[in-house]
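Atoms within a ligand are numbered from 1 in the order they appear, just like the ligands themselves. Just so it is clear, the structure is predicted and the values come from calculations on it, not from any experiment. Residues take their numbers from the sequence shown, with the count starting at 1.
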Amino acid sequence: MSTEESKERVLSGIQPTHDSFHLGNHLGALRQWVALQDTHDAFYCVVDLHALTIETDPKLLHQRTLASVAQLLALGINPTQSTLFIQSHVPAHNQLGWVLECITGFGEANRMTQFKDKSQKSGADRTVVGLFTYPILQAADILLYQANQVPVGEDQRQHIELTRDLGQRFNSRFGETFTIPDAHIIKGTAKIMDLQDPTSKMSKSAATMAGVIELMDAPEINAKKVKSAMTDTEREIKFDEKNKPGISNLLTIYSALTGQSIKQLEENYSGKGYGDLKKELADVVVGVLEPIRNSALDYLKDPAQLQSILKDGGQRAGSVAAQTLRNVYSAMGLVARG
Ligand code: AMP
Ligand code: TRP
């Protein structure tokens with residue numbers, strides 16, 4: 001048995017909806033993607049079909065998809081270790097998506113809180129059907145690869161639950177076909193908060209980007225955002241999410257980026273002020289993100305290299321996905337072409 005076959009599978013995806021990933025994506029999910037490729041047979045995709053649920057200028061979508069790939073490489077995804085690909089390169093995602101739609105209850109899909117939030121924000125007339133079926137396509141992304149683990153942030157937990165339900169339902173109706181995946185969510189960093197509004201999660205769709213640290217922003221901008229983070233009027237540097245959400249979020253970020261424990265940081269900063277913490281955290285953030293940004297910019301200068309990585313990843317992903325799809329069709333009684 002080759003090592004690939006004996007390793008557990010991991011799969012995750014990220015949407016190319018913006019020019020840059022943010023610190024929440026990095027700490028909540030992408031860092032785990034990088035770590036897991038050493039121990040798992042990893043499949044990572046840029047989910048461009050999911051991004052179609054938001055109306056985007058075609059040129060921008062194209063650019064952002066390549067920028068997403070460049071950022072993943074810059075963050076440390078190694079394309080010889082992991083299968084890195086673009087979702088739309090593997091048609092089996094849509095094909096399995098349809099099959100799963102046919103075993104998903106309307107009410108079940110209607111309970112997805114992300115759909116409710118997003119559709120409420122844009123209003124019924126502007127909400128597309130694709131947004132409603134979005135989590136079912138996500139389930140197809142995962143089940144196609146027989147993934148054991150799915151590294152994501154807290155906001156994706158419900159979608160992974162739906163994936164498990166659909167996988168189990170299919171297996172019990174049509175025979176063992178899918179591996180049932182677990183969400184891989186790291187407690188401490190599963191929900192990084194907005195620096196200006198530390199009671200809301202850091203999000204690409206925030207009303208203002210002032211509290212969102214973007215990987216592709218210039219170092220001065222990110223340093224300034226950290227230094228102007230919203231904090232309370234007290235002085236003590238203490239982790240207390242309920243009463244001191246701003247400081248607690250800064251400590252979480254500091255701890256995640258340096259490996260120092262929160263307790264250690266509280267001790268180091270005892271007697272010091274919020275200004276000291278923010279200034280030093282700004283240096284830490286810039287120290288981590290600047291090389292990532294530079295590396296992503298380098299990858300973007302060589303689109304032929306990106307294309308070749310994606311071609312190889314798409315082929316590898318495509319053959320795994322095609323095999324699962326054949327099993328699915330056959331289990332359901334669809335006649336093979338022969
Ligand atoms: P999205 O930006 O919604 O495409 O999310 C990409 C990945 O980052 C998903 O696994 C999310 O769960 C994760 N994520 C997004 N925002 C945050 C956040 N504020 N804190 C932690 N993880 C996040
Ligand atoms: N819905 C996920 C998000 O917004 C993106 C996603 C699509 C995904 N397909 C996936 C995540 C498969 C994990 C596995 O972040």
Using a 4.0 Å heavy-atom cut-off, say whether M202 meets ligand 1 through its side chain, its backbone, both or neither. both
Is D298 salt-bridged to K301, cutoff N-O under 4.0 Å? yes
What protein heavy atom sits nearest atom 10 (O) of ligand 1, and how far off is it? G153 N, 3.2 Å
Just let me know how I192 lines up against ligand 1, side chain, backbone, both or neither, with a heavy-atom cut-off below 4.0 Å. both
Considering the heavy atoms of G28, write down every atom of ligand 1 situated less than 4.0 Å from one of them. 21 (C), 22 (N)
Which residue owns the protein heavy atom closest to atom 21 (C) of ligand 1, what's the atom, and how far is it? A190 O, 3.1 Å
What part of M193 sits under 4.0 Å from ligand 1 if we count only heavy atoms: the side chain, the backbone, both or neither? neither
Does ligand 1 have an atom that lies less than 4.0 angstrom from a heavy atom of S203? no
Nearest-neighbour protein heavy atom for atom 3 (O) of ligand 1, which is reported as residue plus atom name and distance: D155 OD2, 4.4 Å
Give a yes/no on ligand 1: does L30 have at least one heavy atom closer than 4.0 angstrom to it? no
H93: which residues meet the ring-ring contact (aromatic ring centres under 6.0 Å, His included) condition with it, sequence neighbours left out? F85, Y145
Could you tell me, for ligand 2, which of its N or O atoms are under 3.5 Å from any protein N or O, listing the pairs and their distances rounded to 0.1 Å?
residue  : atom  : partner : partner atom : Å
ligand 2 : 1 (N) : Y134    : OH           : 2.7
ligand 2 : 1 (N) : Q138    : OE1          : 2.8
ligand 2 : 1 (N) : Q156    : OE1          : 3.0
ligand 2 : 4 (O) : Y134    : OH           : 3.1
ligand 2 : 4 (O) : Q156    : NE2          : 3.3
ligand 2 : 9 (N) : D141    : OD2          : 2.7

Return the set of residues passing ring-ring contact (aromatic ring centres under 6.0 Å, His included) with Y44 (not counting sequence neighbours), or none when no residue passes. W33
Are the side chains of F178 and N327 in touch, meaning some heavy atoms are under 4.5 Å apart? no
Which residue and heavy atom of the protein sit nearest atom 8 (O) of ligand 1, plus the separation: N25 ND2, 3.1 Å
Which residue pairs pass the side-chain hydrogen bond (donor to acceptor under 3.5 Å, both in side chains) test with at least one member in residues 149-160, sequence neighbours excluded? T113-Q158, Q138-Q156, Q138-H159, E154-R157, D155-K201, Q156-H159
Whether E161 and R111 form a salt bridge (side-chain N of Lys/Arg under 4.0 Å from carboxylate O of Asp/Glu) is what I want to check. no
For the backbone of P181 and the side chain of R164, can you confirm whether one donor and one acceptor N or O come within less than 3.5 Å of each other? yes
Would you mind telling me if ligand 1 is within reach of the side chain of L27, the backbone, both or neither, using heavy atoms under 4.0 Å? neither
What atoms of ligand 1 come closer than 4.0 angstrom to any heavy atom of A29? 7 (C), 8 (O), 10 (O)
When rounded to the nearest 0.5 Å, the distance separating CG of L75 from CG of L289 is 9.0 Å
Any atoms of ligand 1 less than 4.0 Å from a non-hydrogen atom of K204? List them with their elements. 2 (O), 4 (O)
How far is atom 22 (N) of ligand 1 from its nearest protein heavy atom, and which residue and atom is that? G24 O, 3.2 Å
Ligand 1 contact by H22, heavy-atom criterion under 4.0 angstrom: yes
Compute the centroid of each ring, for H26 and then for F21, and state whether the two points are separated by less than 6.0 Å. no
Using a 4.0 Å cutoff against the non-hydrogen atoms of T189, which atoms of ligand 1 qualify? 21 (C)
I need the atoms of ligand 1 closer than 4.0 Å to a non-hydrogen atom of Q156, numbered in the order shown. 12 (O)
Run I253 and L195 through side-chain contact (heavy atoms from CB on, under 4.5 Å) and show every step you take. CA-CA 10 Å; I253 295 171; L195 298 190; 4.0 Å; yes
Side-chain donor/acceptor of R316 to backbone N/O of S82, under 3.5 Å: yes
Would you confirm whether Q32, through its side chain, and L27, through its main-chain N or O, come within 3.5 Å as a donor-acceptor pair? yes
Donor-acceptor pair, K225 side chain versus E214 backbone, under 3.5 Å? no
Assess, by modelled atom type and distance only, whether the side chains of Q260 and N268 contain a donor and an acceptor separated by less than 3.5 Å. yes
